Amino acid sequence: MGCIGKEIRSPMNSTPAPYNMANDDIIMLMLIMNMIGISYVFVMNGASILERIKCIFYYESKSTPFNDRTHITKICNALLYAQSIFYTAILVIHHLQKSSRIQADENILPTMCALCVFFAAILLIKRIAYDTVNNILFSKHKAQEWRDLYFFTIKLLGFFLAPVAIAILFIPGASFTFVKFYLLILFIAHSFTLLSGLKKIIFVQRHNYLDIFLYLCALEFLPTAVVWKLVLQLNEFITIKI
């Protein structure tokens with residue numbers, strides 16, 4: 001009787017905590033596995049990575065393309081691709097949340113898995129497209145050198161995406177403006193590296209900037225725009241179905 005007129009608080013009636021990627025056990029497990037995998041890459045293939053970075057700045061036209069067909073190198077390449085895909089998916093989801101395409105309290109694990117599979121498929125498609133076009137237009141040696149450089153920059157991209165992606169995971173108040181500025185600088189550096197590689201490997205003649213622009217529009221800018229549009233449509237489909 002003494003409880004009449006008093007508010008009874010029960011743990012069952014408490015408001016659940018909003019969803020946070022950092023509190024998702026599966027995403028945290030993926031992050032831990034990624035860190036273990038990258039540690040393995042540094043131990044087994046760190047010298048090769050440093051040598052490739054050096055070759056980006058000190059390119060020799062008669063250099064021998066890197067051999068990516070050893071068993072350990074294939075494993076390391078897969079881990080590096082997985083890292084870039086994982087952190088890219090985190091950044092895309094962060095953007096979708098900020099633009100209200102995904103609710104802040106919505107479980108994003110299905111979207112995360114779909115994006116990872118989607119980006120992996122896109123990398124495969126881009127590899128086929130670049131190999132097909134380059135093998136037709138350019139010599140086999142040049143085509144392989146450009147493929148090595150291009151996909152090495154994608155594998156290397158994960159290392160530079162990691163700081164901002166981890167900041168988004170563990171610092172909920174991370175400035176969206178800072179994230180955009182960081183990604184803009186990274187985009188400029190990545191674009192400069194690719195343009196420099198094109199001038200040194202593929203388009204060695206001077207004043208052929210129009211050829212470079214058309215080449216990138218056909219194989220880089222247009223596919224990227226199409227991919228982004230498909231990502232947004234994929235997210236809408238997942239939101240409706242799940």
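Computation of the quantities below employed the complete heavy-atom set of this structure, encompassing side-chain atoms and omitting hydrogens, waters and symmetry-equivalent molecules. Only a predicted model underlies this, so the values are computations on that prediction, with no experimental measurement involved.
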Query raised in the report: Aromatic rings Phe159 and Phe42: how do their planes relate, parallel, tilted or perpendicular, breaks at 30° and 60°?
Result: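 Rings of Phe159 and Phe42: tilted, 30 to 60°.
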Requested in this report: Report yes or no: does Thr88 contribute a side-chain atom to a donor-acceptor pair with the main-chain N or O of Ser84 at less than 3.5 Å?
Outcome: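 Side chain of Thr88 to backbone of Ser84, a donor-acceptor pair under 3.5 Å: yes, one is there.
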Report task. For the pair Asn135 (side chain) and Asp131 (backbone), establish whether a donor and an acceptor sit closer than 3.5 Å, ignoring hydrogens and angles. Result ->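 Yes, the answer is positive, given that a donor and an acceptor are paired below the 3.5 Å cut-off.
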[X] side, atom [atom1]; [Y] side, atom [atom2] - distance, nearest 0.5 Å:
{"X": "Leu219", "Y": "Leu214", "atom1": "CG", "atom2": "CG", "result": "11.0 Å"}
{"X": "Ile202", "Y": "Ser139", "atom1": "CD1", "atom2": "OG", "result": "7.5 Å"}
{"X": "Cys116", "Y": "Ile90", "atom1": "SG", "atom2": "CD1", "result": "8.5 Å"}
{"X": "Tyr215", "Y": "Trp146", "atom1": "OH", "atom2": "CH2", "result": "6.0 Å"}
{"X": "Asn77", "Y": "Lys74", "atom1": "CG", "atom2": "NZ", "result": "10.0 Å"}
{"X": "Leu194", "Y": "Ile201", "atom1": "CG", "atom2": "CD1", "result": "10.0 Å"}

Report task. Please step through side chain to side chain contact (heavy atoms under 4.5 Å, CB included) for the pair Asn45 and Ile75, ending with a clear verdict. Result -> CA-CA 10 Å; Asn45 213 25; Ile75 295 176; over 6 Å; no
Let me check something: any side-chain donor-acceptor pairs from residues 181-191 under 3.5 Å, sequence neighbours excluded? List them with distances.
| from | atom 1 | to | atom 2 | distance (Å) |
| --- | --- | --- | --- | --- |
| Tyr182 | OH | Phe160 | O | 2.5 |
| His190 | NE2 | Thr153 | OG1 | 3.4 |
| Ser191 | OG | Phe187 | O | 2.8 |

Side-chain heavy atoms nearer than 4.5 Å, only ILVMFWY residues, links allowed to pass through others: does that put [X] and [Y] together?
{"X": "Ile26", "Y": "Val117", "value": "no"}
{"X": "Tyr130", "Y": "Ile128", "value": "no"}
{"X": "Met33", "Y": "Met112", "value": "no"}
{"X": "Leu29", "Y": "Tyr40", "value": "no"}
{"X": "Leu156", "Y": "Leu50", "value": "no"}

Query - Listed partners of Phe151 passing ring-ring contact (aromatic ring centres under 6.0 Å, His included), at least two apart - result: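 Testing Phe151 for ring-ring contact (aromatic ring centres under 6.0 Å, His included), a comparison that skips the adjacent residues, returns none.
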Nearest atoms (heavy-atom pairs only) where [X] meets [Y]:
{"X": "Lys155", "Y": "Gln83", "result": "O-NE2, 4.3 Å"}
{"X": "Val164", "Y": "Leu161", "result": "CG1-O, 3.2 Å"}
{"X": "Ala162", "Y": "Tyr87", "result": "CB-CE1, 3.6 Å"}

Query raised in the report: Got a sec, which residues hit salt bridge (Lys or Arg N to Asp or Glu O under 4.0 Å) with Lys126, two or more places apart in sequence or on another chain?
Result: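 Lys126 satisfies salt bridge (Lys or Arg N to Asp or Glu O under 4.0 Å) with Glu220 only.
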Report task. Check the pair Ile49, Phe152 against side chain to side chain contact (heavy atoms under 4.5 Å, CB included), reporting the backbone distance first and the verdict last. Result -> CA-CA 9 Å; Ile49 292 175; Phe152 176 67; 4.3 Å; yes
Query raised in the report: In terms of side-chain heavy atoms, does Asn134 have a donor or acceptor partner in Tyr150 at a distance below 3.5 Å?
Result: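 No, no side-chain donor-acceptor pair sits under 3.5 Å.
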Query - Arg127 vs Ile122, side chain to side chain contact (heavy atoms under 4.5 Å, CB included): CA-CA, chis, key distance, verdict - result: CA-CA 9 Å; Arg127 186 182 183 95; Ile122 289 301; over 6 Å; no
Requested in this report: Determine, stepwise, if the pair Ile38 / Leu80 fulfils side chain to side chain contact (heavy atoms under 4.5 Å, CB included).
Outcome: CA-CA 7 Å; Ile38 296 307; Leu80 289 172; 4.1 Å; yes
Report task. For residues Leu31 and Phe170, determine if any side-chain heavy atom of one lies less than 4.5 Å from a side-chain heavy atom of the other. Result ->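 Yes. Closest side-chain heavy atoms under 4.5 Å.
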Query - Check: Ile85 and Leu123 side chains under 4.5 Å, non-hydrogen atoms - result: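 In short, these two side chains touch, coming nearer than 4.5 Å.
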